[in-house]
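I have placed the structure first, in the form of structure tokens, so that the comments after it can refer back to it.
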Amino acid sequence: MLLRARIVETEAYLEKDDAAAHCSRGPTPRAKVMFGKAGVIYVYYIYGNYFMLNFVTEKTGLAGAVLIRAVEPLEGIPAMERNRKMKVGKNLTNGPAKLVLALGIDGSLNGRTLGLPHLAVYEGKPVKQKDLVTTTRIGISVAQELPLRFYEKGNPYVSKK
DNA sequence: TCGAAGATTCTA
DNA sequence: AGAATCTTCGAA
């Protein structure tokens with residue numbers, strides 16, 4: 001079953017001067033994959049229930065990742081709805097834990113490199129410059145002032161506060 | 001070891 | 001507005 005979706009909201013987590021990033025306290029057991037090479041998948045477990053999907057962005061030895069906060073479903077939507085196991089409507093993939101569930105992702109992808117058959121990223125329909133909105137990040141208690149959240153203006157699958 | 005906090009979501 | 005739920009990490 002092929003599932004496809006378009007990334008419409010992301011947040012960046014940096015190595016330097018970003019206390020909200022898991023890598024800010026060095027390569028702990030959890031955060032060490034953030035110090036790997038670009039293109040590695042970082043999936044972590046949080047709040048006793050959810051997985052979050054990130055892609056490592058910096059070269060080996062430097063830390064950094066992009067959190068995928070929301071996607072627009074394109075193909076395999078019935079399967080995604082089944083994966084969510086509840087009534088969802090437009091809430092199918094409009095949040096970081098929701099999209100992980102819809103796409104059938106779990107911790108087994110952590111540390112693996114992007115690519116088929118498990119998970120691949122391709123260049124898709126670009127976000128127009130005028131529709132690219134930059135704001136502060138959501139759900140963190142430190143470094144809240146950094147403008148590191150990016151989303152497509154008007155897209156119904158962007159997460160709500 | 002222990003305890004607090006957490007890149008959230010759902011229900012009431 | 002608050003609970004659910006358990007891993008992670010730093011301090012003791």
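Throughout, protein chains are lettered first and strands after them, A, B, ... in sequence-line order, and every chain is numbered starting at 1. Keep in mind that the numbers below use all heavy atoms, side chains included, and drop hydrogens, waters and symmetry copies. Just so you know, these numbers come straight off a predicted model, no measurement behind them.
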If you look only at distance, which donor and acceptor atoms sit under 3.5 Å apart when one is on a side chain in residues 103-121 of chain A and the other is two or more places apart or in another chain?
from: Asp106(A); atom 1: OD1; to: Ser108(A); atom 2: N; distance (Å): 2.8
from: Asp106(A); atom 1: OD1; to: Ser108(A); atom 2: OG; distance (Å): 2.6
from: Asn110(A); atom 1: OD1; to: Val43(A); atom 2: N; distance (Å): 3.0
from: Arg112(A); atom 1: NH2; to: His118(A); atom 2: ND1; distance (Å): 3.2
from: His118(A); atom 1: ND1; to: Gly115(A); atom 2: O; distance (Å): 3.2
from: His118(A); atom 1: NE2; to: Thr113(A); atom 2: O; distance (Å): 2.7
from: His118(A); atom 1: NE2; to: Gly115(A); atom 2: O; distance (Å): 3.4

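- For the contact set between residues 134-153 of chain A and DNA chain B, defined by any heavy atom under 4.0 Å, the members are Ile138(A), Gly139(A), Ile140(A), Ser141(A).
- Within residues 34-42 of chain A, no residue has any heavy atom closer than 4.0 Å to DNA chain C.
- Secondary-structure annotation of DNA chain B gives the stems B:1-6 with C:6-11, B:8-11 with C:1-4, with a stem taken as at least 3 successive Watson-Crick or G-U pairs whose two distances both fall under 3.5 Å.
- Contacts of Asn91(A) with the nucleic acid, taken as non-hydrogen atoms under 4.0 Å apart, are absent.
- Tyr44(A) has its OH atom 15 Å from the C1' atom of dC6(C), to the nearest Å.
- The stretch residues 92-112 of chain A touches DNA chain B through Gly95(A), Pro96(A), Ala97(A), Lys98(A), each having a heavy atom within less than 4.0 Å of the strand.
- A continuous path of Ile, Leu, Val, Met, Phe, Trp and Tyr side chains, each step under 4.5 Å between heavy atoms, connects Met80(A) with Ile68(A), placing both in one hydrophobic cluster.
- In the hydrophobic clustering of this structure, Ile46(A) does not group with Leu99(A); members are Ile, Leu, Val, Met, Phe, Trp, Tyr whose side-chain heavy atoms approach within less than 4.5 Å, directly or through other members.
- Looking at heavy atoms from C-beta onward, Ser159(A) lies in side-chain contact with Arg149(A) at the 4.5 angstrom threshold.
- By the rule that hydrophobic residues join a cluster once side-chain heavy atoms approach within less than 4.5 Å of another member, Ile7(A) and Phe51(A) end up as members of one cluster.
- Within residues 3-29 of chain A, the residues approached by DNA chain B to less than 4.0 Å at the level of any non-hydrogen atom are Tyr13(A), Ala20(A), His22(A), in residue-number order.
- The gap from the P atom of dA1(C) to that of dA7(B) amounts to 22 Å, rounded to the nearest Å.
- Checking Met86(A) against Ile46(A), the closest nucleotide of DNA chain B that is more toward the 5' end is the one next to Ile46(A).
- No side-chain heavy atom of Phe150(A) sits less than 4.5 Å from a side-chain heavy atom of Arg69(A).
- The salt bridge (Lys or Arg N to Asp or Glu O under 4.0 Å) contacts involving residues 13-25 of chain A comprise Asp18(A)-Arg137(A), where partners must be two or more places apart or lie in separate chains.
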Quick one: side chains of residues 60-67 of chain A, donor-acceptor pairs under 3.5 Å with protein atoms, not counting sequence neighbours, listed by atom name and distance.
none

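- Among residues two or more places apart in sequence or in another chain, the side chain to side chain donor-acceptor pair (under 3.5 Å) test is passed with Thr10(A) by none.
- Apart from Val8(A) itself, the hydrophobic cluster it occupies contains Val133(A), Tyr151(A), Tyr157(A), Val158(A), where clustering links Ile, Leu, Val, Met, Phe, Trp and Tyr at side-chain heavy-atom distances under 4.5 Å.
- Rounded to a whole Å, the NZ atom of Lys87(A) is 14 Å from the C1' atom of dT11(B).
- Cluster annotation: Tyr45(A) is connected to Leu53(A) through the hydrophobic network of ILVMFWY side chains, with a link wherever side-chain heavy atoms come within less than 4.5 Å.
- Between Ile68(A) atom CD1 and dT8(B) atom P the separation is 14 Å, expressed in whole Å.
- Counting heavy-atom neighbours within 6.0 Å of Lys160(A) NZ, excluding the residue itself, gives a total above 12.
- The main-chain N or O of Glu75(A) is never found under 3.5 Å from a side-chain atom of Arg4(A) such that the two would form a donor-acceptor pair.
- A donor-acceptor pair is defined here as one N or O able to donate and one able to accept, closer than 3.5 Å; such a pair exists between the side chain of Arg6(A) and the backbone of Lys125(A).
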When you compare the protein's N or O atoms with those of nucleotides 1-4 of chain C, which come within less than 3.5 Å of each other, and at what distance?
none

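- Taking only side-chain atoms of Tyr45(A), from C-beta outward, the nucleotide of dG6(B), dT7(C), dC10(B) with the closest atom is dT7(C).
- Qualifying ring pair (Phe, Tyr, Trp, His ring centres under 6.0 Å) partners for Phe55(A), counting only residues two or more places apart in sequence or in other chains: none.
- Between Arg69(A) and dA7(B) there is no side-chain polar atom (N or O) within less than 4.0 angstrom of OP1 or OP2.
- Checking side-chain atoms of Glu72(A) against main-chain N and O of Asn155(A) turns up no donor-acceptor pair under 3.5 Å.
- Between Lys90(A) atom NZ and dT9(B) atom P the separation is 18 Å, expressed in whole Å.
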